[in-house]
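One structure is given here, and the rest of the page talks about it.
Here is how names work: the chains are called A, B, and so on, in the same order as the sequence lines, proteins then strands, and each is numbered from 1.
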There are 2 protein chains.
Amino acid sequence: MTVTLADVAARAGVSAATVSRVLNGNYPVATATRSRVLRAVEELEYVVNGPASSLAAASSDLVGVLVNDIADPFFGIIAGAVQDTLGPVTSVPAQGRKLAVICNTGGSPERELTYLTLLQRQRAAAVVLTGSSTDDPGHRAALAARLQRLAAGGVRVVLCGRPLPVDESGAGEPAADGCGTAAEGAREPGAEGRPAAGGTLTAGPRVVTVPLDNEGGARALTGHLLALGHRRIGYLAGPDHRSTTRHRLAGHRAALAAAGLPPTPDHLLLHGTFHRDSGYAGALRLLEADPGLTAIAAANDTVALGVCAALRDRGLRVPQDVSVTGFDDLPFAADVAPGLTTVRLPLRETGQAAGRVALGTEVPEDGVVPPDPARLVARDSTAPPRG
Amino acid sequence: MTVTLADVAARAGVSAATVSRVLNGNYPVATATRSRVLRAVEELEYVVNGPASSLAAASSDLVGVLVNDIADPFFGIIAGAVQDTLGPVTSVPAQGRKLAVICNTGGSPERELTYLTLLQRQRAAAVVLTGSSTDDPGHRAALAARLQRLAAGGVRVVLCGRPLPVDESGAGEPAADGCGTAAEGAREPGAEGRPAAGGTLTAGPRVVTVPLDNEGGARALTGHLLALGHRRIGYLAGPDHRSTTRHRLAGHRAALAAAGLPPTPDHLLLHGTFHRDSGYAGALRLLEADPGLTAIAAANDTVALGVCAALRDRGLRVPQDVSVTGFDDLPFAADVAPGLTTVRLPLRETGQAAGRVALGTEVPEDGVVPPDPARLVARDSTAPPRG
DNA sequence: TTGAAAGCGGTACCAA
DNA sequence: TTGGTACCGCTTTCAA
């Protein structure tokens, strides 16, 4: 019924092996033969049977991309960039192109594992994990084990914007040099110390980290508020026990420390989700906790937008009354809320780098792609503190 | 090296066939045998070889989801909903679950076709096309032909928020009954008229339309502005030759006509993209064309946000000076720009319905899932017209 | 209820 | 440069 390699071979008067070689372009084939085969492919409208070739080749051209929230542009931008790097930019033959499989985990470690199993089952060529990861030791161990197995099976693993899921207990000063996300996984000398529950996952050509400078971004953001004169700054952190939450918080604290100021008191530091609702509720709670607040830094842009909404509903104006800042790279956040200052994490660049690693084009020996610097985007830096 | 079915069979002391049956649950298997097999699966950490089973079964558990812009929450919400319906909600076995492959076309008809080829090659179980489609006859024909082939090959085709890519020349009044997107593809009596370049694609159990009421939404939006007293309304339409652009424009015109008003003059009707930049530039052009403008309706929320930014930069306040409205369902748009009135298209519901169709759970005989109604969300309806 | 075995459609090694 | 041909790992009749 459907056209197969054999049909094409028959039509072109060659063997199946030759057709395969033409299609894959791995082996030399006479020009005349090649064109004859290609013509037969055209005429028969032949489409390769992916499963069959994946079975024979023991690897598919699928690349899994795990994101925490597909409805958040933050991940949409990264996922799109990864896909652009791999996928069909309009290549006519459409043969040999990788296909990105974007999987929405909702931030759930269980789903993350389930998707990895699914991808392993598909014999994916690579998996790209994006965004924050959980800090829970149990999940980290389980994740490490699974990634370990994938890598052992020849699957390229790319960690994009998150550290290696290994024991970080002995890590150095978090505020040291802004490499919060970056280096964590890289340092791993011999690593034959403790057997660790689930095998040791180490960075290398097969397991690569593509860091985002969450800590540096947070430091820049809080630094910006401090430079404007703000001294009573509320901080809406992301979910507790998440890597980005921790790194951004570290940057925030570093900025305060660098200015010789005391750390944000507990009642001005709230944990929430990465969603808008959380920003809305969080802002109201912060204002209640300290009506004299002059600025709020939010876990990401989506949360910052929720903060803006809350301020408006409370009759406050943005940014005259309270300054609000967010992280990430939401492309329109800065334009909508005047005075909304955002730190742009280079999402597209990071996503593209991840894509290149997944493709095998860019594979650093030490397993770490140098991080792009965070950029501070201040749309309206005139917001004065009230106090 | 990797664990195979045979390994599991050997360990469980049964045949490969039995293991297969246990895993797929299609055939009766003795309880004792089943548990023995499952234990072996556990112990060996066996993971099914997807390509192999896809090859043997002649169909994979991949479902393709094509979106025009993965960085736009509009599509993120739909794609996420589709995936939630198909995917692992945390099912431990992870066997037999469908995997959504989200493909970002960027609105390019060529990429759309390329991705469809890629999905055909993977022997996808279903493909879901979301969002607007091009009106170009050539591309429509090519798309129809490809979908035709997919459907003929047993692939379920779901058109979500777009009409069937067939000749619509003889269609009825666009403003008739708000079914703009909905019915277009459904009506197709015998259809054995003109052979049409590429075969006739007809709606049915295999090719299903899950409509979004773009026309009704647009009518509600413009109707809302009219009810507020606005009479000089600019309209920033989407890209020309796109189905949603046309349907929304039809609704806009219908609202004006229903109020006994003349249609929007050419200089107040601009076509652009669905991106923020387009809204920004479009707003400036509209204000230049008619400084007495009191309201602007935008192609979607993202464009509306760009309009807000432009107004702010021009020293106008939103909504006191100019009202701005958008379509879609961008979850935070309404909260950020006070007075931003949006029409909520039921994206989640639509995505879920599409997912159920793709799964085969919900398959209407006539190939059309009843549309969810558009909902008008007025955050601040006090904006008065200037004039 | 279970087993044996014939494919499914390519890939890639070995010869020619 | 090309052809022949063992697999790849699972599904699914057909028998037992």
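Side chains of V363(A) and R156(A) form a contact here, defined as non-hydrogen atoms less than 4.5 Å apart. You'll find the side chain of L147(A) stays beyond 4.5 Å of the side chain of V207(A), heavy atoms only.
In this structure, the helix from dT1(C)-dA16(D) to dA16(C)-dT1(D) shows an angle of 30° between the axis at its start and the axis at its end, each fitted on 5 base pairs and rounded to 10°.
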Inset, instruction - Can you check each nucleotide of nucleotides 8-16 of chain C against protein heavy atoms at under 4.0 Å and return B for base, S for sugar-phosphate only, - for none, in 5' to 3' order? - result: BBBBBB---
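Salt bridge R162(B)/E112(B): present, at least one basic N to carboxylate O contact under 4.0 Å. Between D84(B) and R111(A) a salt bridge is recorded (basic side-chain N to carboxylate O distance below 4.0 Å).
Among residues at least two apart or in separate chains, salt bridge (Lys or Arg N to Asp or Glu O under 4.0 Å) pairs with a member in residues 19-44 of chain B are R11(B)-E43(B).
Of the options N24(A), V8(A), T33(A), V29(A), a side chain to side chain contact (heavy atoms under 4.5 Å, CB included) to V19(A) is made by V8(A) and by none of the others.
Checked by atom type, the side-chain pair S15(A)/T18(A) shows a donor-acceptor distance below 3.5 Å.
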